[in-house]
Amino acid sequence: TNPHIIDALNQLPGFFKVQANNYSITYRGQYGNRLRVEQNGNRRSGVTPEGGYFAEDINPSDVSEIKIINGAEKVIYGSGSSGGIIQLNDVDKFEEMKPSNHQIYAAYSSNNQNRILGMTTGFQKARVKLRISGRFQNTEDYKAGDGTTVNNSSYQQNNLSLKMLI
């Protein structure tokens, strides 16, 4: 299977019809510039005119925690957080990492020739722990239901993460 952060969000209450490549992350009807998405404290920006964020650039193998902030606490985050805040935190403690966990996955979508290849692996020798993960995605222009091609909608995203503890 092709792991995606959307799969994890779909399990949480308040997320509605969240689907990779079709809808930006939507929480209780809020999306785009009303919903703040952060990874390790850094704001993730969207690709739609409204600021909708699809989370395609996040490797789900690197995420250890998802925290939803809603209610009065979101006020301290200022503009762009009226719909709430989604905080994604990466695995940073090697105790949480499973060095012997190996995974390779691939996915293909015929609509826009979306190709995804990802992997996670880890090694441990004596007191040295190493974890490598990567996700590579490439798409062609999106094709609407009537066959119309949306020009300049193709994209390529690559990420690679290397974590080591000596």
Side-chain angles (χ1 to χ4, degrees), residues 1-107 109 112 114-122 129-139 155-165:
T1 65
N2 166 29
H4 193 286
I5 200 66
I6 298 295
D7 298 330
L9 292 174
N10 269 332
Q11 305 301 315
L12 300 173
F15 288 91
F16 179 71
K17 290 187 179 178
V18 177
Q19 299 173 5
N21 301 324
N22 295 328
Y23 301 99
S24 59
I25 295 175
T26 303
Y27 177 64
R28 295 188 177 173
Q30 302 294 312
Y31 64 94
N33 57 14
R34 294 183 185 142
L35 183 65
R36 184 180 183 112
V37 180
E38 294 182 351
Q39 184 178 21
N40 299 324
N42 297 313
R43 187 172 192 165
R44 310 304 294 196
S45 59
V47 294
T48 66
E50 308 85 29
Y53 180 59
F54 292 87
E56 289 293 326
D57 58 336
I58 295 176
N59 187 347
S61 300
D62 289 339
V63 176
S64 68
E65 178 186 30
I66 299 173
K67 182 178 179 184
I68 309 299
I69 299 173
N70 203 0
E73 188 180 356
K74 67 186 176 188
V75 173
I76 63 173
Y77 290 87
S79 177
S81 63
S82 63
I85 297 98
I86 301 171
Q87 290 181 336
L88 307 169
N89 294 312
D90 287 355
V91 174
D92 60 352
K93 298 176 184 168
F94 276 87
E95 293 79 31
E96 295 176 26
M97 294 183 180
K98 297 180 178 94
S100 60
N101 185 13
H102 308 289
Q103 179 185 26
I104 296 176
Y105 58 89
S109 171
N112 60 349
N114 185 14
R115 295 170 292 276
I116 297 174
L117 177 64
M119 68 85 178
T120 299
T121 189
K129 292 182 180 181
L130 176 69
R131 184 169 188 266
I132 303 168
S133 62
R135 182 180 175 97
F136 309 96
Q137 181 172 7
N138 187 358
T139 70
Y155 62 92
Q156 180 175 346
Q157 294 177 340
N158 304 310
N159 65 47
L160 182 65
S161 172
L162 172 67
K163 298 178 181 184
M164 185 168 67
L165 175 67

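All of these numbers come straight from a predicted model, not from anything done at the bench.
Distance check, rounded to the nearest 0.5 Å: OG of Ser133 to CG of Leu160 gives 7.0 Å. Taking CG of Asn138 as the reference point, atom CZ of Arg115 lies at 4.5 Å (rounded to 0.5 Å). Here the OG1 atom belonging to Thr26 is positioned 10.5 Å from the CG atom belonging to Leu9, to the nearest 0.5 angstrom.
The two residues Ile86 and Ile66 have their closest heavy-atom pair at CG2-CG2, 4.3 Å. Ile132 and Met119 get closest at one heavy-atom pair: CG2-CE, 3.5 Å. In terms of heavy atoms, Lys74 sits closest to Ile85 at CB-CD1, 3.2 Å.
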Start with the C-alpha gap between Arg36 and Glu38, add the side-chain angles, then the distance that decides, and say whether salt bridge (charged side-chain N to carboxylate O under 4.0 Å, His left out) holds.
CA-CA 7 Å; Arg36 184 180 183 112; Glu38 294 182 351; 2.7 Å; yes
Please assess Leu130 against Thr121 for the test side chain to side chain contact (heavy atoms under 4.5 Å, CB included), listing each intermediate value before the final yes or no.
CA-CA 8 Å; Leu130 176 69; Thr121 189; over 6 Å; no
Criterion side chain to side chain contact (heavy atoms under 4.5 Å, CB included) on Asn40 and Leu88, from CA distance to verdict
CA-CA 6 Å; Asn40 299 324; Leu88 307 169; over 6 Å; no
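A donor-acceptor pair under 3.5 Å is absent between the side-chain atoms of Ser81 and the main chain of Val75, judged by distance alone.
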